[in-house]
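The shown structure was predicted, so the numbers you read here are calculated from the model rather than taken from an experiment. In what follows, chains are A, B, ... by sequence order, proteins preceding strands, each numbered from 1.
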There are 2 protein chains.
Amino acid sequence: MLGETTRNRVSERREATRKEILEAAWALARERGLAQLTLRDIADRIGMRPPSLYSHVDSKNAIYDAMFAQAWTECLAQMRASEATCPPDSGGALRHYARAFFDFATSDLARHQLMNQRTIPGFEPTPAAYAPAVETLDLARTRLATHGVTTQPDLDLYVAIVGGLIDAQLANDPGGDRWSRLLDRAIDMFATDIGVGTSGREKRSDP
Amino acid sequence: MLGETTRNRVSERREATRKEILEAAWALARERGLAQLTLRDIADRIGMRPPSLYSHVDSKNAIYDAMFAQAWTECLAQMRASEATCPPDSGGALRHYARAFFDFATSDLARHQLMNQRTIPGFEPTPAAYAPAVETLDLARTRLATHGVTTQPDLDLYVAIVGGLIDAQLANDPGGDRWSRLLDRAIDMFATDIGVGTSGREKRSDP
DNA sequence: GTCTATACACCGATAGAC
DNA sequence: GTCTATCGGTGTATAGAC
């Protein structure tokens with residue numbers, strides 16, 4: 001019926017505009033910094049007047065919220081995809097998942113600031129946007145549990161080590177590999193500590 | 001001579017007002033958040049009009065800059081003071097210095113954000129303000145070198161591990177000790193990795 | 001329904017009177 | 001040195017044209 005097709009076309013147009021807004025926001029966040037986002041710049045980039053954005057998003061924080069959900073959804077997908085190439089041994093698996101998250105986080109500074117730091121003054125993600133983040137952590141918990149990371153303190157330590165290397169890499173050597181080269185070694189340290197073998201990789205190598 | 005005493009009295013008054021501004025800024029940063037600082041709030045707290053602040057500071061970023069220098073100077077002093085109670089064995093020393101920095105960092109969230117994160121949009125510390133920060137790192141490098149942390153990768157890893165635990169503690173359990181309890185264990189892992197004995201502390205304890 | 005035009009409150013910062 | 005007045009810019013919101 002006509003009403004249906006009309007509503008679909010309008011609905012598609014609205015969704016396309018919303019997507020255009022988010023893409024402009026990501027581009028500007030990467031160019032000028034996440035906190036420097038302004039509604040006027042976003043509107044300019046897509047040929048709109050600033051107030052018109054309010055026809056598609058509720059507020060600036062709603063844009064951050066959608067970006068937050070988008071980033072963690074993408075991260076969750078990437079983590080799930082990483083399972084296909086995961087080595088069978090536990091030591092290798094611990095390195096594999098750490099590397100997957102490390103590479104994802106360090107490949108986009110603005111995205112990492114939004115996902116893992118609280119760099120935006122008034123922004124707090126909504127429960128809906130936070131959902132894929134907790135799902136990612138749940139996935140990690142399940143995966144790592146099958147490779148010897150069974151207790152909460154063990155998982156906390158694993159997360160802190162990987163997070164520390166990510167932050168150091170982005171803060172002190174963005175685009176480089178000074179801390180990236182230390183990741184495998186750090187995970188092997190951790191694996192030894194929890195009693196997981198690190199076969200297939202000699203100790204103390206630092207290529 | 002008269003000119004001298006007059007200039008001294010004026011100079012002292014100016015310095016006192018400046019100190020008053022910085023103290024108000026710290027108090028507001030802790031109450032409402034570092035990024036939520038406004039010149040109007042600072043002026044209100046010390047009974048001034050906002051534009052009058054510009055007679056004592058060049059800009060809002062100059063206030064952040066003075067706070068940055070103050071924080072790192074305080075940190076440097078605390079690290080120097082920690083030498084007096086440092087245990088003689090290397091394993092204990094690595095834990096001792098890590099604990100000193102961890103406790104200093106986690107005891108003040110606003111200060112830690114200013115010192116170690118880049119949470120303020122337009123702010124970059126001046127070389128003068130950055131000086132005590134590099135001096136603190138130099139001190140750490142010298143101290144740790146006498147306890148087996150001799151290479152740059154070793155130092156990088158040590159810094160990343162301690163920093164990761166600090167960030168995790170402040171982000172996920174502020175005021176608690178969930179990651180604080182993991183610090184000694186993490187440092188022991190690291191000490192074992194670089195071939196430093198961890199006598200005086202049994203392995204895998206998690207009190 | 002979507003956009004333009006306009007306004008509001010707040011921010012950092014400046015000019016000039018006293 | 002401190003004040004009043006004001007500027008340009010921001011996020012936000014509403015009225016009204018089409």
Enumerate the residues from residues 56-64 of chain B whose closest heavy atom to DNA chain C is under 4.0 Å, giving them by residue number; use none for an empty result.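 Correct list: B:Ser59, B:Lys60.
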Counting only heavy atoms and a strict 4.0 angstrom limit, can you tell me which residues of residues 15-30 of chain B come near DNA chain C?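 None, since no heavy atom is under 4.0 Å.
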Partner residues of A:Phe104 under the ring pair (Phe, Tyr, Trp, His ring centres under 6.0 Å) criterion, sequence neighbours left out: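 A:Phe104 satisfies ring pair (Phe, Tyr, Trp, His ring centres under 6.0 Å) with no other residue.
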With sequence neighbours excluded, what pairs up with B:Tyr158 under the ring pair (Phe, Tyr, Trp, His ring centres under 6.0 Å) test?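 Per chain and number, B:Tyr158 pairs via ring pair (Phe, Tyr, Trp, His ring centres under 6.0 Å) with B:Phe190.
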Find out whether [X] and [Y] are in side-chain contact, i.e. whether some heavy atom of one side chain is under 4.5 Å from a heavy atom of the other.
{"X": "B:Trp26", "Y": "B:Leu114", "result": "yes"}
{"X": "A:Val57", "Y": "A:Arg18", "result": "yes"}
{"X": "B:Asp154", "Y": "A:Arg185", "result": "yes"}

Measuring from B:Ile161:CD1 to B:Ile166:CD1, what's the distance to the nearest 0.5 Å?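 That separation rounds to 12.0 Å.
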Strand contacts (DNA chain D) in residues 35-54 of chain A, 4.0 angstrom heavy-atom criterion: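 Correct list: A:Leu37, A:Thr38, A:Leu39, A:Arg40, A:Pro51, A:Tyr54.
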Please list, chain by chain and in numerical order, all residues satisfying side chain to side chain donor-acceptor pair (under 3.5 Å) with [X], sequence neighbours excluded.
{"X": "B:Ser82", "value": "none"}
{"X": "A:Asp156", "value": "A:Gln152, B:Arg178"}
{"X": "A:Ser59", "value": "none"}

Scan residues 128-151 of chain B for pairs that pass salt bridge (Lys or Arg N to Asp or Glu O under 4.0 Å), counting only residues two or more places apart or in two chains.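 Listed by first then second residue: B:Arg80-B:Glu135, B:Glu83-B:Arg143, B:Asp138-B:Arg141.
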For a quick test of your reading: what N or O donor-acceptor pairs under 3.5 Å do the side chains of residues 122-134 of chain B make, sequence neighbours left out?
| residue | atom | partner | partner atom | Å |
| --- | --- | --- | --- | --- |
| B:Thr126 | OG1 | B:Asp65 | OD1 | 3.3 |
| B:Thr126 | OG1 | B:Asp65 | OD2 | 2.6 |
| B:Thr126 | OG1 | B:Ala129 | N | 3.4 |

Base, sugar-phosphate or nothing for A:Arg13? Non-hydrogen atoms, less than 4.0 Å.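 Here A:Arg13 touches no strand at all.
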Going 5' to 3' along DNA chain C, between which two nucleotides do contacts with chain B fall, using a heavy-atom cut-off of 4.0 Å?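 Going 5' to 3' along DNA chain C, contacts run C:dC11 to C:dT14.
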Which side-chain N or O atoms in residues 35-48 of chain B pair as donor and acceptor under 3.5 Å with protein atoms at least two apart or in another chain?
| residue | atom | partner | partner atom | Å |
| --- | --- | --- | --- | --- |
| B:Gln36 | NE2 | A:Pro121 | O | 3.4 |
| B:Thr38 | OG1 | B:Asp41 | N | 3.1 |
| B:Thr38 | OG1 | B:Asp41 | OD2 | 3.1 |
| B:Asp41 | OD2 | B:Arg32 | NH2 | 3.1 |
| B:Arg45 | NH2 | B:Glu31 | OE1 | 3.0 |
| B:Arg45 | NH2 | B:Glu31 | OE2 | 2.8 |

